[in-house]
Amino acid sequence: MRVANTLNMRDIIAEQTERHLKLCWLLATLPCLVLALLGVQSFVGFTRLAGIIQVLTGIGIIIAYNRSRKRTAESHICGRFGSIAFQIVVIAGSLVATIGSVLVVRYMPRPSILNADCF
């Protein structure tokens, strides 16, 4: 099944970019290879990596939207939510979410009232 997904992705990339199929196959398999080489083996590790990727792509999308808005002088897609102030709030929220996903949380159990040592 994974081979079929990789080949489907290769075909989509080839269709959209009009590049050679071998290069498109490499681009389609590169994300999985990067995850494997980074040693992401747990859900928490994947969540940390996803948090970093989401802030990078989120900021990139906001910058691209801002440039588009400068060209057209209007905000067709977002309306009031396309203002600079809202873009800053979204970037700040993305940064806070990414920092939260990267922080290491240690679990320390609280002492229980019903602990056997108390009796």
Side-chain angles (χ1 to χ4, degrees):
M1 187 64 145
R2 289 183 183 175
V3 173
N5 289 339
T6 302
L7 294 176
N8 290 337
M9 194 66 176
R10 178 203 67 182
D11 292 340
I12 292 170
I13 293 171
E15 179 183 321
Q16 296 295 319
T17 62
E18 298 178 359
R19 302 278 185 210
H20 193 266
L21 283 179
K22 288 185 180 180
L23 175 64
C24 294
W25 175 82
L26 181 65
L27 291 173
T29 56
L30 196 61
C32 293
L33 289 173
V34 169
L35 287 176
L37 293 175
L38 287 176
V40 177
Q41 297 176 352
S42 67
F43 178 75
V44 174
F46 183 73
T47 303
R48 288 182 179 153
L49 182 65
I52 294 168
I53 292 170
Q54 100 48 46
V55 78
L56 294 175
T57 56
I59 290 173
I61 288 171
I62 289 175
I63 290 171
Y65 175 74
N66 202 5
R67 286 182 180 172
S68 170
R69 206 172 136 217
K70 283 182 181 178
R71 285 189 201 136
T72 61
E74 290 184 38
S75 177
H76 295 289
I77 298 172
C78 297
R80 291 183 305 198
F81 295 113
S83 68
I84 297 293
F86 193 73
Q87 291 175 25
I88 291 170
V89 168
V90 169
I91 289 174
S94 293
L95 289 172
V96 169
T98 299
I99 291 169
S101 70
V102 173
L103 290 178
V104 176
V105 178
R106 294 203 171 104
Y107 174 71
M108 299 193 68
R110 293 185 290 170
S112 174
I113 296 173
L114 301 175
N115 192 348
D117 294 337
C118 295
F119 297 107

**Q** Hey, could you give me the CD/CD1 distance between Gln87 and Ile63, rounded to the nearest 0.5 Å?
**A** 9.5 Å

**Q** Following the transitive rule for hydrophobic clusters with a side-chain heavy-atom cut-off under 4.5 Å over Ile, Leu, Val, Met, Phe, Trp and Tyr, establish whether Leu49 and Leu33 coincide in one cluster.
**A**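 Looking at the clustering, Leu33 is in a separate group from Leu49.
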
**Q** Please give me the minimum heavy-atom distance between Val55 and Ile52, naming the atom from each residue.
**A**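 Heavy atoms of Val55 and Ile52 come nearest at CG1-O, 3.2 Å.
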
**Q** Donor-acceptor pairs are to be reported for all side-chain atoms of residues 91-98 against protein atoms at under 3.5 Å, with residues two or more places apart or in another chain.
**A**
| unit_1 | atom_1 | unit_2 | atom_2 | d |
| --- | --- | --- | --- | --- |
| Ser94 | OG | Val90 | O | 3.0 |
| Thr98 | OG1 | Gly51 | O | 2.9 |
| Thr98 | OG1 | Gln54 | NE2 | 3.2 |
| Thr98 | OG1 | Ser94 | O | 2.9 |

**Q** Quick check for you: to the nearest 0.5 Å, what is the distance between Ile84 atom CD1 and Ile88 atom CD1?
**A** 6.5 Å

**Q** Hydrophobic side-chain clustering at under 4.5 Å (ILVMFWY, transitive links): who's grouped with Ile61? Put none if nobody.
**A** none

**Q** Could you give the distance from SG (Cys24) to CG (Asp11), rounded to the nearest 0.5 Å?
**A** 8.5 Å

**Q** Taking all atoms of both residues into account, what is the closest heavy-atom pair of Ala14 and Leu21, and its distance?
**A** CB-CD2, 3.7 Å

**Q** Measure the CD1-OG1 distance between Ile62 and Thr57 for me, rounded to the nearest 0.5 Å.
**A**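 Reported to 0.5 Å precision, the distance equals 9.5 Å.
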
**Q** Which heavy atom of Ala28 sits nearest to which heavy atom of Arg10, and what is that distance?
**A**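 Reported closest heavy-atom pair: CB-N, 3.8 Å.
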
